[in-house]
Amino acid sequence: MAVNNLMISERIFRAYDIRGIYGLDLDANVAKLIGRAIATYVGGEGKTFIVGRDVRLSSKPLGDALIEGMVSGGLDVEDIGTVTTPLLYFATMHYNKDGGVMVSASHNPPEWNGFKILLRKGFVCMGMGMEELRDIAIKEAFRSAKMGVVKVNPKVISEYEDYISERVNIGKAIKVIADPGGGSCTVLMPRAFEKAGLNAHVIYGKPDGSFSRHPPEPDERTLSELRMLVLKEHADFGVGFDGDGDRAVFIDDKGRVVPSNAVLAMLSRHFLRKHRGAVVVYEVSCSMMVEETIRAYGGRPVLSRVGHTYIYEKMISENAILGGETSGHFYFRDIHCFDDAVYASLKVAEAISEENVRLSEIVDSLPKYPQIPVKNYDCPDEKKFRVVEDLAKDFESYGYKTITLDGVKVILEDGWFLIRPSNTQPLIRLTVEAKNEENLRKIESYAEKILLEKIRDLK
Ligand SMILES: [Zn+2]
C-alpha cells in the first residue's frame with residue numbers, strides 16, 4: 001500500500017531542536033527534507049557530519065532518511081548508529097567534524113522523535129540558524145551539489161568508553177545499580193562502567209524502542225524499583241538515565257532521590273579540591289546552597305540562563321570545569337564541555353571513592369534550604385513576557401536586588417524568588433527558596449500576590 005508523504009510543518013522547528021510525533025509530523029520524507037536543508041544551510045560539499053540515533057523504533061528509518069538528504073546535499077556522513085546524545089556531541093567535537101545530528105526526542109514518550117543539530121560554532125536554535133534552516137526546508141530552497149558519501153563507523157562507541165573511563169579514578173569497590181530504562185545508555189553504559197572499575201548491576205539494560213517498562217524519564221514515578229534495589233542490594237548508589245543519556249538522577253545508599261542541586265554541589269566540591277579557583281556554571285533556579293558551596297571550596301560561581309544551549313556556551317566562554325542544572329544535566333570540561341549522564345555517574349563514584357564516605361553522608365552534610373515545588377500560573381502567550389518585564393521594573397523600583405538574566409530573580413535577605421515565562425506554554429512559573437520554612441511561606445505569598453495582580457491588571 002502506498003503511503004502518502006507528510007508535508008513538512010513549521011511547528012516542528014522549536015527553540016532548541018526539531019521535534020514532532022512520528023507519522024503525524026515526522027516521516028522519512030520530512031527527515032530527508034531536513035537533511036537536505038542542513039546540507040544547504042552549512043554549504044554542502046567538503047563537509048563531514050556525524051549522525052547518531054537513540055533506541056526509538058522510528059529513529060532508524062528517520063536517521064536513514066536524514067542521511068540520504070544530507071548526502072544528496074553534498075555532505076559526507078559518518079553513521080555511528082545507536083548512541084547517547086552526549087556521545088554524538090562528544091564525537092562531533094573530538095573528531096573535528098563540521099557538525100553532528102542526533103535523532104532523538106530525549107525523554108518524550110515513544111511516539112515522539114526529533115533532531116538536535118550541533119555545528120562547530122554551537123547548537124542550531126532559534127536566533128542561531130533554526131529560522132534559516134526551517135525556511136530552506138519548507139521552501140525546498142536547496143542548493144544542488146555533488147553527492148557526498150556515507151561511512152558506517154561503529155568504532156566511535158568503544159573509543160568513547162575508553163576516553164571517559166580513563167578520566168576517572170575509582171580507588172575502592174563501589175556497587176551501583178543502574179537503570180537506563182531500555183534507553184540509549186544501554187549500548188555503552190555497562191561497558192563504560194566496567195572499564196572504569198565500577199561494579200554495576202544494570203536493570204532494563206536491553207534497548208527497548210517502545211520504552212515498555214517505564215517512561216524514559218528518571219523521576220519519582222519511574223525510580224521506585226531502583227530505590228528498592230539500592231536498599232535490598234546494599235548498593236553505594238543508584239542512577240536512573242533518561243532516554244538519550246544526557247540526564248541522570250541519583251539515589252543515595254539510603255534509597256533517597258538526591259536532588260540535582262546536591263549532586264552539583266557535591267561535584268563542585270570534588271572538582272574544586274583539585275582545581276582551586278576554577279569556574280563552575282550554575283543556573284538561576286539552582287539552590288543558593290550551590291553558590292555557597294562553590295565559593296566555600298574556592299571556586300568562581302558563574303550564573304547562566306536555564307537551558308542546555310546557554311549552559312554549554314557559558315562553559316566554553318568561561319572555560320568552566322563543571323556545570324549543572326536542576327533538571328539533572330551535568331556538564332564537564334573533560335568531555336568538550338558537554339553534559340553527559342554516564343560521565344556524571346562515574347564522577348559521582350569517583351567522589352565517593354576519594355572521600356571514602358557514603359553518598360548519604362555527603363548529601364546530609366550539605367546545607368538544605370526549603371523550596372516550594374515550582375508553581376505555574378496561566379497567562380496568555382502574548383502577555384507572559386510583558387508581565388515578567390513589567391514585574392522586573394517594579395521590583396527594581398522597590399529597591400530589590402534583581403537578576404534579569406532569565407525572567408526576574410529577586411534576591412532577598414533570607415531567600416529569593418524567580419518568576420519566568422515558559423518558553424513553550426502559556427504559563428508563568430514561580431520558584432521560591434528561603435533559609436527557613438517561615439520565610440519561605442512569606443516570600444511565596446508575597447510573590448504570588450504581586451504576580452497574580454500583574455497578570456490580572458496588565459492589558
Ligand atoms: Zn535527554
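Below, each value reflects all heavy atoms present in this structure, side chains not excepted, and no hydrogens, waters or symmetry copies. Atoms within each ligand, like the ligands themselves, are counted from 1 in listed order.
Residues Arg227 and Glu220 are paired through a salt bridge, judged by an N-O separation under 4.0 Å between the basic side chain and the carboxylate.
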Inset, instruction - Show your working on ring-ring contact (aromatic ring centres under 6.0 Å, His included) between Phe90 and Tyr163 and close with a plain yes or no. - result: CA-CA 10 Å; Phe90 169 84; Tyr163 185 96; 4.7 Å; yes
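Here Ser106 contributes OG and Asp242 contributes OD2, and at the Zn ion (ligand 1) these two atoms make an angle of 100°, given to 10°. Rounded to 10°, the angle formed at the Zn ion (ligand 1) by OD1 of Asp244 and OD1 of Asp246 is 100°.
Between Tyr204 and His214, a ring centre-to-centre spacing shorter than 6.0 Å is recorded.
Screening Tyr95, Tyr312, Phe123 for a ring pair (Phe, Tyr, Trp, His ring centres under 6.0 Å) involving Tyr89 leaves a single residue, Phe123.
Residue side and main chain included, Thr85 places no N/O/S atom under 2.8 Å of the Zn ion (ligand 1).
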